[in-house]
2 protein chains.
Amino acid sequence: MLDNYILVVDDESRMRKLIKDFLAQKGYSILEAEDGERALEVFEENKNKINLILLDVMMPKLDGWSVLRQIRQESKVPIIMLTARGEEQDELFGFELGVDEYISKPFSPKILVARVEAILKRTNQDQKQVKEYGGIEIDKEGRTVKVDGKVIELSLREYELLTYLVENENIALSRDKILNNVWNYDYYGDSRTIDSHIKKIRHKLGKRGKYIKTMRGVGYKFEVK
Amino acid sequence: MLDNYILVVDDESRMRKLIKDFLAQKGYSILEAEDGERALEVFEENKNKINLILLDVMMPKLDGWSVLRQIRQESKVPIIMLTARGEEQDELFGFELGVDEYISKPFSPKILVARVEAILKRTNQDQKQVKEYGGIEIDKEGRTVKVDGKVIELSLREYELLTYLVENENIALSRDKILNNVWNYDYYGDSRTIDSHIKKIRHKLGKRGKYIKTMRGVGYKFEVK
DNA sequence: AAATATTATATATAATAGATATATAAATTT
DNA sequence: AAATTTATATATCTATTATATATAATATTT
C-alpha cells in the first residue's frame, strides 16, 4: 500500500466524501478541510506529509484562488483545482499562478484517479517508487535507505533531513528553510543542530556523504556529481 | 464446490426466477431479495455463507448503488451489477467503488453463468493460497499460522495484526494506519495497545519474530531478511 | 603585486545531558 | 481468555554545548 497523503478541500461534504471514497479505495490517505481557512490550517499542520491537494474554487470564507496563492508562497505541493463548468475564464489565470491541473465538475472517478496518479508520478511525489541518486537509494514506502546496495540505519530526523535534501536536489537550502520543513513549525532551537545531523548523515553515507555540499553562509545542498 | 450461495436482488420477480433457474441448474444455492432494503436484511442474516451477489441497479426503496455502498462498508463479497442499457455513465462510477463485474440487461444465460463462474474462481483462488514468508505460513482460509511448520495459536487481534503487517511486507506502517486498519475506523484507544500485541506476536513467532521491525518514531514493518 | 599573516566568522566534530519512544510485565477491563 | 491500559525500565535519539577546524576578508610583509 502506498502512503500518499491527499488533502481534499471542498465545502460540500457530499463531494468530499465521494472523493475520499474513491481515493481511499486506491490506497491514498485523505485529509479533509471544509473551507479555505481550515485548509490552510490543515496544510500548516501536515505540510511534510501532504503530497497533493484537491482544491475547490468556490468556497465560503476564503476561496480556492486565495488558498492557492497562500500555499504557493511556501510550497510547491501539486494542486489540482476543482472547478464548476463555466469557470474556464479563470483557468488561464490559475495556470499562471501555479495550478498543476484542473478537473471540472461533474467528473468521473476515473478522470479523478487518472489525473491524481499522473500528477503524483510527474511531480515525483509518488511514494511507491524507489528512487536512486548516485548510489543512494531511497525507498519511501519502506523508509529505508541503501548506499551502494547496503541498507544504512538512519534515525527519524536523519531520514527526514536526508530525504528533504534529496528531494530538493541541486537546490541550496537555507538553515531556516530546513528547520521549517524538517522540524515542525516554528522551531526555535539552535541551528547548529542541523550541522550535527548533517555530520552523522555524511558519516553514514560514507563516500557518498560528499553529495551533501556545504553552502557557506547559506546552508546545504544535495548534489550528485 | 457445490455449496456456493448467491444472493439475487431484483424487483422483477420474473427476472429473479429466470436467474434462479439458470444458476440452480448449475448447482448454486440461491437467496432472493425483491428490493434494496430486503437485500441488506438478507445479507445481514447470511453474510458468512453468501459467496456472490447479483444486484440490480434500478429498484424501489433503495437502489443498487446504495446497497453496494452499504455492503462495501463491511464486506468484500463479490458483487455483479445488473444494469439496463444506457446506464454506462454510472458504470465507471461503480467500478471504482468496488463493483466486481457488470452485466447489462438483457443478457444470455451463457453470459450470466460465465461471469459468475469467472468471479467465483477468481476470488476463491485468492483466498485459497497459503502464503509463505520466510518460515511463516499463513493460511487465510483456515485462519491459521505456522512457524517453521508448526501451528501457533494466535488470538483474533494477533492474527489480524500479523496478517496486516505481512500483507504490507516491506512497508513501514504508522501506528495510525495500523489502528485504522486492524482496529475499527474510529478507535480512540491507547496506541501502546499495538506494542502490547506486537510483543505477544513476536514471542509466538520465536526467532521469526525479528521480521517485525520497529520503525522508531513511525511504527512497525514486516520484513523478511 | 604577490605571498603571507592576521582576524573574524562559519562550519565540523565530538561528547554529553536531556528528551522521547519502545519494550516489557503486571494490572485491569471486557 | 483476550484485549486493553498502566507503570516502569530500557534503549535510542536529539539538542546542546564546547572546542577544533575551515574559510574568507583584510592587513602586513616581502
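Naming: A, B, ... by sequence-line order, numbering from 1 per chain.
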Report the C-alpha separation of B:Ile53 and B:Val67 in whole Å, then their side-chain angles, then the decisive distance to 0.1 Å, and conclude whether the side-chain contact (heavy atoms from CB on, under 4.5 Å) test is met. CA-CA 11 Å; B:Ile53 300 178; B:Val67 175; over 6 Å; no
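- For A:Asp139, there are no side chain to side chain donor-acceptor pair (under 3.5 Å) partners, not counting sequence neighbours.
- In the set D:dA3, C:dA12, D:dT14, the nucleotide with an atom closest to the side chain of B:Arg157 is D:dA3.
- Residues satisfying the salt bridge (charged side-chain N to carboxylate O under 4.0 Å, His left out) test with A:Lys121, not counting sequence neighbours, are none.
- Relative to the side chain of B:Ser155, the nucleotides C:dT24, D:dA15, D:dA3 differ in distance, and D:dA3 lies closest.
- Residue-environment remark: NZ (B:Lys204) exceeds the threshold of 12 foreign heavy atoms within 6.0 Å.
- Counting only heavy atoms from C-beta on, B:Thr193 has its side chain closest to D:dT5 among D:dT5, D:dA2, C:dT22.
- The residue B:Ile198 sits apart from the nucleic acid: no heavy atom pair falls under 4.0 Å.
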Apply side-chain contact (heavy atoms from CB on, under 4.5 Å) to residues B:Tyr164 and B:Leu173 and explain how you reach the verdict. CA-CA 10 Å; B:Tyr164 180 62; B:Leu173 300 163; 3.7 Å; yes
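- At whole-Å resolution of the value, CG in A:Leu205 and C1' in C:dA12 are 16 Å apart.
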For nucleotides 8-10 of chain D, which of its nitrogen or oxygen atoms have a protein nitrogen or oxygen under 3.5 Å away, and what is each distance?
none

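- Rounding to whole angstrom units, NZ of residue B:Lys221 and C1' of C:dT22 are separated by 17 Å.
- Atom P of nucleotide D:dA3 and atom CD of B:Glu153 are separated by 13 Å, given to the nearest angstrom.
- Residue B:Met215 contributes atom CE, which lies 20 Å from atom P of D:dA11 at whole-angstrom precision.
- If you take CG of B:Asp195 and P of C:dT24, they are 10 Å apart, rounded to a whole angstrom.
- Regarding A:Leu154, its CG atom lies at a distance of 14 Å from the C1' atom of D:dT14, rounded to whole Å.
- Note: NE2 (A:His197) to C1' (C:dT13) measures 14 Å, nearest angstrom.
- Distances shorter than 4.0 Å separate none of the side-chain N or O atoms of B:Trp183 from OP1 or OP2 on D:dA3.
- For B:Arg175, no side-chain nitrogen or oxygen approaches OP1 or OP2 of C:dA21 to under 4.0 Å.
- A:Glu160 is linked by a side chain to side chain donor-acceptor pair (under 3.5 Å) to A:Arg143, counting only residues two or more places apart in sequence or in another chain.
- Rounded to whole Å, the distance from CG on B:Leu162 to P on D:dA3 is 13 Å.
- In this view, A:Arg202 satisfies the salt bridge (charged side-chain N to carboxylate O under 4.0 Å, His left out) rule with no residue, not counting sequence neighbours.
- Looking at residues two or more places apart in sequence or on another chain, you find a salt bridge (charged side-chain N to carboxylate O under 4.0 Å, His left out) between A:Lys213 and A:Glu223.
- With sequence neighbours excluded, no residue satisfies salt bridge (charged side-chain N to carboxylate O under 4.0 Å, His left out) with A:Glu34.
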Which parts of nucleotides 14-20 of chain C does protein reach within less than 4.0 Å, heavy atoms only, written one letter per nucleotide 5' to 3' as B for base, S for sugar-phosphate only and - for none? B-----B
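- Evaluation of the side chain to side chain donor-acceptor pair (under 3.5 Å) rule for B:Asn170 yields no partner, not counting sequence neighbours.
- Along DNA chain C, the nucleotide closest to A:Gly219 and the one closest to B:Tyr220 are compared, and the more 5′ of them pairs with A:Gly219.
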